[in-house]
Structure formats: C-alpha cells, structure tokens
Amino acid sequence: MRGRTLAAHDMRYAALADAYERLEATTKRLEMTDVLVALLRVVPREQIDRVVYLTQGRVFPDYAGIELGLAEKLAIRGIALATGRPDAEITSLWKASGDLGAVAEAELAKRTQTTLSSEPLTVARVYENLKEIATAAGTGSQERKLRLFADLLNDASPREARYIARTVVGKMRLGVADMTIVDALAATFATKEERDRVERAYNVSSDLGEVAKALAAEGLAGLAGIRLRLGRPLRSMLAERLETLEEILERLGTAALEYKYDGLRVQAHVGRDGIELFSRQLERITGQFPEIVDALRTAVPGREAILEGEAVPVDANTGEFLPFQEVSRRRGRKTDVERMAREFPVSLFAFDCLLLDGEDLTTRPYADRRKTLEGLVRETDGVRLATVRTTADPREAEAFFDKALQAGCEGLMAKSLTSTYEAGARGFQWIKFKREYSAALSDTIDLVAVGAFAGRGKRAGTYGALLMAAYDARADVFRTTCKLGTGFSDEVLFGLPERFKDLLVPHAHARVDATLTPDVWFEPRLVLEVRGAEITVSPVHTCARDAVRPGAGLAVRFPRFTGRWRDDKRAEDATTQDELLAMYRGQQKAVRGEPGSAARPEGRSQDR
Ligand code: ATP
C-alpha cells in the first residue's frame, strides 16, 4: 500500500473521522441521518459498502461472524509502539479513561514529529488493514495484527487514531442504529416513500453494505437482486401481544395457535454441504449446538432449507423442559460445549420454513409454509414440529392454552393463516399470549417424595425422577407439585431404590392426591430440600388446586434437589400448600407493586 499514489476513488479516512465526530456529538436520529447522507453523497460508489461497515464499527456484516475485537493488551502495545511510550503508561491511561480511542488520540497529539514516510490515510488502506487484523490466524498472527495496527497509527492524525483504535478493539459505539443507516441510504438514493423497500432489502439480507452497494450502483432497481440466500440470515419476524384469547381470535378469525416454547430462537440454514445456525441477533451459533446440527442432518436429508424454530433443553428423565440457563452457559471451549450438549441436550421445535431448495417461501401464506414444513421435516427427538391447533373458538383456544402450560410452555403464539413472513417486522400477524401465572421462588422448600418414575438411558436401573408433594394440613393429604430429576449426585441417584425400598406401596397412598401416575408409589415419609425457579400454575398438579385458576394447581418450576435430605422433618413438617399459595400470591403482588406484598409469608416451615 505504501508509496502508492492516491487514486481518484480512494477516499480519505479523514472524511469518515470528520463525520464520526459529528455523529458522536448528537443523539438526535434526524441529525445523525443528515450527517450520514452528507457522507454517503461523497463516497465513491465502489467504496460505499466498506464505508457502511466501518460506520457500523466492523469490516464485515454481522452474520459473517468475523469480529475485530483485538485484545486490549495488544492494542495497548500498538499504541505504545506508535507513540514511543512505555506499555505501562498507556495501560494506566486506559484504566483511567476506559476508552482506548481517547488514549490513542491524546498520545498521538503529543507526538512532536510525524514519521517521515507518513501519508494521508485512505479508506481503502484502513479497511484492508482492519480486514487483515480481523482475519489473520495461525502462528505469528498476533505480531502481524500488532504491526498492522501500529502502521495505521503511524500515519493517522490524532482524531483518526481515536476511531481506528476504537474500531480495532470492537468498541466503535457511535450510537448509530442500523435503521438510521437505512434512513440515510433511502434519503440518499431514493425517496422517503421508498424507504420501506430499502428496509425490506436490509431485513432480507441483514447486510447494509450490500444494500448500499446495490443502491449506489443501480438505485432502487438494484434492490431486486437482493434475495433470500442460504447461509445469510434474514431478520426475524416479531409478534405483538394481546391480553385475551378472545381479542386475539377476534382480530385473526380462524388462527393457527402454536405452543410458545421458552428457549432460544434459532434460524437454521440447512444446506447440502453444511448447516449453519443463527440466533435472533443473527449471530452464528452453529458451534454451540452440535446436537441440533446432527439432528437436522437426519430430519431434513438432501434438501436445502431455512427453518425457524425454538431450541429448548429437554430433561431425558422427566421429559420436561429444563430452564434455558442450562444452555445459555454454552459458550467457550469445544469440549465444554460437547459435554453440555450431552448433559442438557436441546430439541429444536420448528415453526416455520422460509426457503426450500432455492425458492423463497416468505411471500407465501403461513398455512402453505406450515404444510411445507410438515412435509419436509422427519421428526426425531432432536427436531420436532411446534405443536399447533387451528381454531376460531375461544373455548377451544383456552383448552389448548392449558395443554401448552401443562407441557411446560409459557403460552401460545397465534398466527394469521394468511400472513406472509415479514422479516424484521413486528405486527399483529403473530400475536403472543402469555399469562403471568408464575412467581419467583427465592427460598428453598421442603417437599415429600410420593412416587417415582423409572430411569431411562444413563439412569436405567434407578429412578429418573421423583414425584414431589406439598402438605395440605387441613385435609391431612399430600398434593403433588413437581417432578424432581435434577440435582442428584450419581451416588445418591443410584442409591434411591435402596433408600425408598421400605416405603414402596402398590398404588397411590391413601394420603396422596395425584393425577400423574408414576411407576412406583411411596408412603409419604421422606422430605427433600428443593430449590425451584418459580411457582406456576399447572393443570397436572394437585397442590392448591382451583385456588388460582379452575382446574389447575400450583407447580414448582425447574426444581432441583439441594442435596439435603431433611431427615429432621416429618412429612407433615414439609412446606404446605397454603405456604406455596402465599408465596405465589405474595410474589404476584410484589411483581405488581402492591402494598403489603409479603415476599416471605409468616410461619413458613422452611424459614430457618
Ligand atoms: P420479541 O421476540 O417479540 O421481541 P421477547 O424476546 O420478549 O419478544 P417473547 O415475548 O417471549 O420474546 O416472544 C417471542 C419469542 O417467542 C420469539 O422470538 C421466539 O423466540 C419464541 N417462540 C416460541 N415459540 C414460538 C412459536 N411457536 N412461534 C414463534 N415464536 C416462538
């Protein structure tokens, strides 16, 4: 690059730094748009995609998964190298201000002479260097990155250094939202009325650089070439919310009601040569979910498709969903991911098909897409279809909602049968329905084991889960509130049949009230300390039945054995259903901010 003469289309980086400074000086979206329009107007056509990426603080579109993020330590060395200051001094300045850009700028301003070979920085050179910094890999790559960065600083003005340093560490943070860039692109290359078309191109491609390039080359006509493509995620369609099923059905007429799974939204790009998974934020998450990739290979063989679904961890022992936290920890080393994928495997509940063998299905009605999805996916444990019911009847919808809660889902997603897939848009074509029938559970509770389910797989030969109950002191009966399958060490787990052998009874004990049927029943005697995430309403459990909602009891969600057997307690000393009810109500009040909300109701047996 060095010694090159400046070609006519080589824009100076100073023009960008100038615009960035003005962007930083305002928080008003309209002013930002104006600054961007002024910039875009003077950018040479062949550089516009780079300018857009640089303005976003990156060198590639988000979904490419190539981050700049140079380690701060290395960036500090780069600044030290370019300014001749000791590393320690730059480090302490950085610790004081927290902004490497400001440090680079201040230190460069103190420089008495610029390097002899100094020449003005161009967008092309800055972009190429940054790109290499982002992609360099293998032996010697750290040194190379360091040199590339120091090289740029050598030729940078203090103000340019501010933005280069911030970009290099992945902290550009100009506060320019993607939609502001969309506004600016529309204002530069089209009319206000045509903004939606620009936004649609962005929603379909998730790539503002590509949109800018197409617009700069051919104006609006250029956008026709931007289509859904395998390997490049589209922005997710979003839902509105309504408070009752009646309102929802009034709006949609006959609608498809789907279970609303509580997990992570996944956009799966299934190609013949490979599979990529993207999150709702369009990050590449393929490496985090090897089991979904494997399952998709079997479920969608020999086809090319973009599917959308919700990934949820399922407990192999209880068949129930597990809290998503078990999965969200899955970042980091490959071996950890593989271990966690074995321990807490997730299933993908597919709910949409957006592309099939090169054909864009987003413009087809929901009903067609669902049919295509059903014809395409061969269901396995790892990939299933979202449970759906089509109805216009509020009573049927209500019953289906109960089933969804019973299955451990958080509610329903109602979808218009005729709706197309509107990438990136939130509207009433999809309406979510959740009812806050849950309350956080901050303390441990003590529950009585009244039965057990046989273990499968790794737990064959012992119990997979215990059926747990709270005590109803008035009726002197134990009523169920959860299945407990988590929190047992292997030793305790395999000792369970021995521990319970003297308590086995051939059918439900007379003092046990349950609708579930475990494989074995126990005399209610042993008390276990349990930590749960929240109390929710569930039609399968009998604890405090009908108290909150007709036909439903209280369930402890995501219960986990703390490891403590409460041998010091009789079964009658366990947490009572009234206590659970008080906790539920207290928390509900606390959530609503009502006065007198008792977060810790009096007389709870487990308060210690
Ligand atoms: P939003 O996604 O609407 O911004 P949010 O992140 O708070 O809001 P929720 O209110 O829980 O999420 O609801 C929307 C999410 O529900 C979707 O983004 C998706 O991840 C999830 N989901 C679960 N089941 C379905 C389904 N059957 N169809 C569509 N989305 C579903």
Side-chain angles (χ1 to χ4, degrees), residues 177-179 203 206 233-245 248 251-252 255-268 277-283 285 288-289 292 306-314 320-325 327-328 346-354 361-362 365-374 376-377 379 383-391 397 400-401 403-438 533-534 536 557 591:
D178 287 356
M179 283 309 161
N203 287 336
S206 317
L234 66 160
R235 305 208 328 125
S236 297
M237 177 163 173
L238 301 173
E240 284 286 357
R241 176 202 280 262
L242 283 176
E243 295 311 315
T244 67
L245 285 165
I248 291 175
R251 233 172 206 274
L252 299 180
L257 306 176
E258 291 177 355
Y259 278 9
K260 183 172 185 307
Y261 301 90
D262 189 6
L264 179 85
R265 189 164 183 166
V266 172
Q267 199 181 105
L277 308 177
F278 297 96
S279 71
R280 195 187 133 182
Q281 286 75 36
L282 311 185
E283 298 156 330
I285 48 169
Q288 285 175 46
F289 296 102
I292 298 188
I306 300 179
L307 303 182
E308 236 193 348
E310 189 88 351
V312 199
V314 180
E320 292 182 351
F321 294 133
L322 288 167
F324 199 75
Q325 292 88 285
V327 176
S328 44
V346 302
S347 295
L348 183 71
F349 290 84
F351 55 73
D352 220 320
C353 180
L354 310 175
L361 304 184
T362 59
Y366 165 87
D368 280 11
R369 300 201 308 278
R370 172 79 199 194
K371 220 160 143 197
T372 307
L373 183 71
E374 286 172 9
L376 175 70
V377 171
E379 283 192 273
V383 181
R384 305 185 212 174
L385 294 171
T387 304
V388 65
R389 169 85 49 92
T390 302
T391 184
F400 191 60
F401 173 70
K403 281 188 71 179
L405 291 187
Q406 189 172 329
C409 292
E410 49 171 5
L412 296 176
M413 189 66 100
K415 299 182 177 176
S416 147
L417 294 174
T418 53
S419 63
T420 52
Y421 189 94
E422 297 300 325
R426 187 186 297 281
F428 283 97
Q429 306 292 349
W430 286 12
I431 306 173
K432 51 194 174 188
F433 177 68
K434 306 188 251 189
R435 214 178 268 152
E436 290 309 332
Y437 277 130
S438 67
E534 56 184 18
T536 119
R557 201 147 181 246
V591 168

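As the structure lists them, so they are numbered: ligands from 1, and atoms in each ligand from 1. This is a predicted model, so every value here is computed, not measured.
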Q. Does the gap between the ring centers of Y259 and F400 come in under 6.0 Å?
A. yes
Q.
Quick check: Y366 with F351 (ring centres under 6.0 Å apart)?
A. no
Q.
Closer than 4.0 angstrom, basic N to acidic O: yes or no for E240 and K432?
A. no
Q. Salt bridge check: are R384 and E379 linked by an N-O gap of less than 4.0 Å?
A. no
Q. Can you tell if the side chain of C409 reaches within under 4.5 Å of the side chain of F321, non-hydrogen atoms only?
A. yes
Q.
Would you say that L307 contacts L348 through its side chain, given a criterion of any heavy-atom pair below 4.5 Å between the two side chains?
A. no
**Q.** Atom-level proximity to ligand 1, residues with heavy atom under 4.0 Å
**A.** L238, A239, E258, Y259, K260, Y261, R265, R280, E310, F351, E410, M413, K415, R426, W430, K432, K434
